[in-house]
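One structure below.
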Amino acid sequence: MSNEVDNASTASGSRSMLSDSSNKVENDEMKAFGTDANGMEVAAAEMPKKPASAYVTVSILCLMIAFGGYVYGWDTGTIGGFLNHEDFLRRFGQKHSDGTYYFSNPRMGLIVAIFNIGCAIGGLAWSRLGDIYGRRLALVWVTIVYMIGLVISIASIDKWYQYFIGRIISGCGVGGIAVYSPLLISEVSPKHVRGTLVSCYQLMITLGIFLGYCTNYGTEHGYTNSTQWRVPLGLGFAWALFMIAAMLFVPESPRFLIEVGRMEDAKVSVARSNKLTVDDPSVIAEVEFLAAGIEAEREAGSANWGELFSTKGKVLQRTILGVMIQSLQQLTGANYFFFYGTQIFEAVGLKDSYQTAIIIGVVNFASTFPAIYFVERFGRRTGLLWGAAGMICCFVVFASVGVTRLYPNGKDQPSSKGAGDCMICFTCFFIFCFATTWAPTAYVIVSESFPLRVKAKGMALSIAANWIWNFLLGFFTPFITGAINFYYGYVFMGCLCFSWVYVFFFVPETKGLSLEEVNIMWEEGVLPWKSASWVPPSKRDSDYDADAMAHDDVPFYKRMLGK
């Protein structure tokens, strides 16, 4: 693609504008000038916006990075089935007086959920790796940690706590992957498709869950020995090795490369991601713009954990946002179905709950494809609001039918097939609403919100909140469902109502903005419900009222009604 640079002198200095004959509208735009450490102006030309077909290469590269999500999804999809495998029960369960095996609620909760504690620890512990060695090497390291945990778990013979320890270590690896996969994607992908490509991380999670369900079904019906659970665990090695090999082909974050002084490599990375030549004016301008921002952050000193709680630059507000969004993603109740799906559908009278789990996996995976379109077409904020509203409706029906219609003659009598079918149907509707909105968008928002100097730490803390809630729900769900059964659905419904309100008042729209522009929007204090109409400084005209974006005298109930 040919580009020409038109230079026009102004009173404040010279500016450059990128023009492209095949995409005139987008390339006539011009970003504002920044200043470097020496006070010199640095132009940040607008990257040419190309048709979707032009981003095939970078999309494939980002899918390779996103494969880290597959590793997590694989664990989620397999662990629920392990609990019902005969050999797994016999080795790690407890024995009734009549000789049958079972898992007590504490042991079941620990085996399922301790993985998430490991993830929280790993995400926080490895948060410095990416700043020191780069995002790619950090991903290699944490994947190796995951493999070490797999070895310990597979080697378990009859001691449940050995398997337990292996899951903690595997979790430490996956926790690091959950930080660096979305982070690297957000830093190498063009802003026009950044939301879509970060959403691919969630797409790979759903693929892992689905294939994990399928593998469980195959080993459950084909074997009666330890192959039932050791084969799915062993396949984790294949996925981990693929992840490590993929890091040989993907570009390193240009922001990291600039930070360590590798300017030429940063140009190569930006050019590769945007499918341009290294000497293209927009590539050079983009690298200079990023370098100016990084230099300004470097002058502020090295970042520490305490900076996440500083109100300067509204970093504290972003930290709260990240933690809340990741926590509320868990409190939607999605993992109630993913972790304990086989047990839930046994309760509604299905003879082969593994088959239903596969159906859930298919719905979850298929629904993520429209999600990667919705996140750029309709935006982050809109998707979260509609997703929460849809899931509220689904839980109202699911819980109400479970409480009032599932056992018409008492729990000691067979359940109602019609009621069970209705609950499964609305479970699928729920998963569709979750997979198209909250599942990918929570990662997109967190990957876009933090300034570079604290980005890895901010993402680590936010995603650690996700893992902790994941653990709490995984561990306590057996106890809660044992006490209140399907009334549990009303708990999640209440959490979703709170989620809708929180998103409306605190989550800004970041669709179509560069990471640097997102940072400016936060610093200007733009009100979330006005953020969709916010204009970056470089594109404002003389009539634009920036102050009005940070103030609103309309009563809150009118804001919620769109008035």
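Treat the numbers as computed from the prediction; the structure is a model and nothing was measured.
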Is the shortest heavy-atom distance from the side chain of V179 to the side chain of W126 under 4.5 Å?
-> no

Pairs where residues 232-256 contributes a residue and the test side-chain hydrogen bond (donor to acceptor under 3.5 Å, both in side chains) is met, not counting sequence neighbours | E187-S253, R255-E516

Does atom OH of Y133 have more than 12 heavy-atom neighbours from other groups under 6.0 Å away?
-> no

Apply side chain to side chain contact (heavy atoms under 4.5 Å, CB included) to R318 and N519, showing your working.
-> CA-CA 10 Å; R318 302 188 223 188; N519 193 51; 2.7 Å; yes

Atom pair CH2 (W160) and CG (L110), whose distance is rounded to the nearest 0.5 Å | 5.0 Å

So with a 6.0 Å cut-off around CZ of F479, is the heavy-atom count from everything else above 12?
-> yes

Might you point out which heavy atoms bring Y163 and S156 nearest each other, and give the distance in Å?
-> N-OG, 3.2 Å

Checking ring-ring contact (aromatic ring centres under 6.0 Å, His included) for the pair F432/F429: CA distance, chi angles, key distance, verdict?
-> CA-CA 5 Å; F432 173 80; F429 284 141; 8.1 Å; no

Separation between OH (Y213) and CD1 (I360), nearest 0.5 Å, reads 6.0 Å

Minimal heavy-atom distance between W305 and K457, with the atoms involved, is CZ3-O, 3.6 Å

Just by distance, do the side chain of T215 and the backbone of P232 share a donor-acceptor pair under 3.5 Å?
-> no

Could you go step by step and tell me if C62 and V188 meet the side chain to side chain contact (heavy atoms under 4.5 Å, CB included) rule?
-> CA-CA 8 Å; C62 287; V188 302; 4.0 Å; yes

Check whether any side-chain N or O of R230 sits under 3.5 Å from a backbone N or O of I154 as a donor-acceptor pair, and report yes or no.
-> yes

Whether over 12 other heavy atoms sit under 6.0 Å from Y502 OH = yes

Can you name the side chain to side chain contact (heavy atoms under 4.5 Å, CB included) partners of R377, sequence neighbours left out?
-> Y373

Kindly compute the distance separating CG (N470) from OG (S327), expressed to the nearest 0.5 Å.
-> 11.0 Å

With sequence neighbours excluded, what pairs up with K95 under the side chain to side chain contact (heavy atoms under 4.5 Å, CB included) test?
-> Y101

Classify the ring geometry between F395 and F398 as parallel (under 30°), tilted (30 to 60°) or perpendicular (over 60°).
-> perpendicular

Could you tell me whether a side-chain N or O of S181 sits under 3.5 Å from a main-chain N or O of A66, the two making a donor and an acceptor?
-> no

Do Y490 and I484 come close enough that some side-chain heavy atom pair is under 4.5 Å?
-> no

Check the pair L321, V507 against side chain to side chain contact (heavy atoms under 4.5 Å, CB included), reporting the backbone distance first and the verdict last.
-> CA-CA 7 Å; L321 173 74; V507 178; 3.5 Å; yes

Between M247 and I65, the two heavy atoms sitting closest are CE-CA, 4.1 Å

I144 side chain reached by I244 side chain, heavy atoms, under 4.5 Å | yes

Scanning both residues in full, the closest heavy-atom pair of V363 with C428 reads CG1-O, 3.6 Å

Residues forming a side chain to side chain contact (heavy atoms under 4.5 Å, CB included) with A138, sequence neighbours excluded | L129, Y180

From the options V174, I177, I209, select the one residue that forms a side-chain contact (heavy atoms from CB on, under 4.5 Å) with Y72.
-> V174

Would you confirm whether Q330, through its side chain, and W469, through its main-chain N or O, come within 3.5 Å as a donor-acceptor pair?
-> no

To the nearest 0.5 Å, what is the distance between CE (M459) and CD (E448)?
-> 10.0 Å

For I157 and Q162 the tightest heavy-atom approach is N-OE1, 4.4 Å

Judged by atom type as modelled, is there a donor-acceptor pair below 3.5 Å linking the side chain of Q326 to the main-chain atoms of A442?
-> yes

Nearest atoms (heavy-atom pairs only) where R194 meets T510 = NH2-O, 4.0 Å

Taken to the nearest 0.5 Å, the spacing of M391 CE from I431 CD1 works out to 11.5 Å

Quick one: sort the F210 and F365 rings into parallel, tilted or perpendicular, breaks at 30° and 60°.
-> parallel

Assess whether atom OH of Y487 is packed by more than 12 heavy atoms of other residues, nucleotides or ligands within 6.0 Å.
-> no

For the pair R136 (side chain) and P251 (backbone), establish whether a donor and an acceptor sit closer than 3.5 Å, ignoring hydrogens and angles.
-> no

Check: L384 main-chain N/O paired with W438 side-chain donor or acceptor under 3.5 Å = yes

Checking S367 side chain against N364 main chain: does a donor-acceptor pair fall under 3.5 Å?
-> no

Decide yes or no on side chain to side chain contact (heavy atoms under 4.5 Å, CB included) for Y70 and W74, but give the supporting numbers first.
-> CA-CA 6 Å; Y70 182 92; W74 181 260; 3.6 Å; yes

Any side-chain heavy-atom pair from F374 and T437 closer than 4.5 angstrom?
-> no

Looking at residues at least two apart in the chain, or sitting in another chain, which of them share a ring pair (Phe, Tyr, Trp, His ring centres under 6.0 Å) with Y201?
-> Y443

For D131, side chain to side chain donor-acceptor pair (under 3.5 Å) partners two or more places apart | R135

Are any side-chain N or O atoms of S170 and backbone N or O atoms of L150, one a donor and one an acceptor, separated by less than 3.5 Å?
-> yes

Report yes if the side chains of D75 and V71 come closer than 4.5 Å at any heavy-atom pair, otherwise no.
-> no

Do T332 and C495 have side-chain heavy atoms sitting under 4.5 Å apart?
-> no

Would a 4.5 Å heavy-atom cut-off, applied to side chains only, mark M243 and V142 as touching?
-> no

Parallel, tilted or perpendicular, as decided by the 30° and 60° cut-offs, for the rings of Y488 and F492 = tilted

W229 side chain reached by N216 side chain, heavy atoms, under 4.5 Å = no

With a 6.0 Å cut-off on ring centres, are F164 and Y161 close enough?
-> no

Measuring from L197:CG to S189:OG, what's the distance to the nearest 0.5 Å?
-> 5.0 Å

CH2 of W386: more than 12 outside heavy atoms within 6.0 angstrom?
-> no

Is the side chain of S449 donor-acceptor paired with the backbone N or O of V446 at a distance under 3.5 Å, no angle test?
-> no

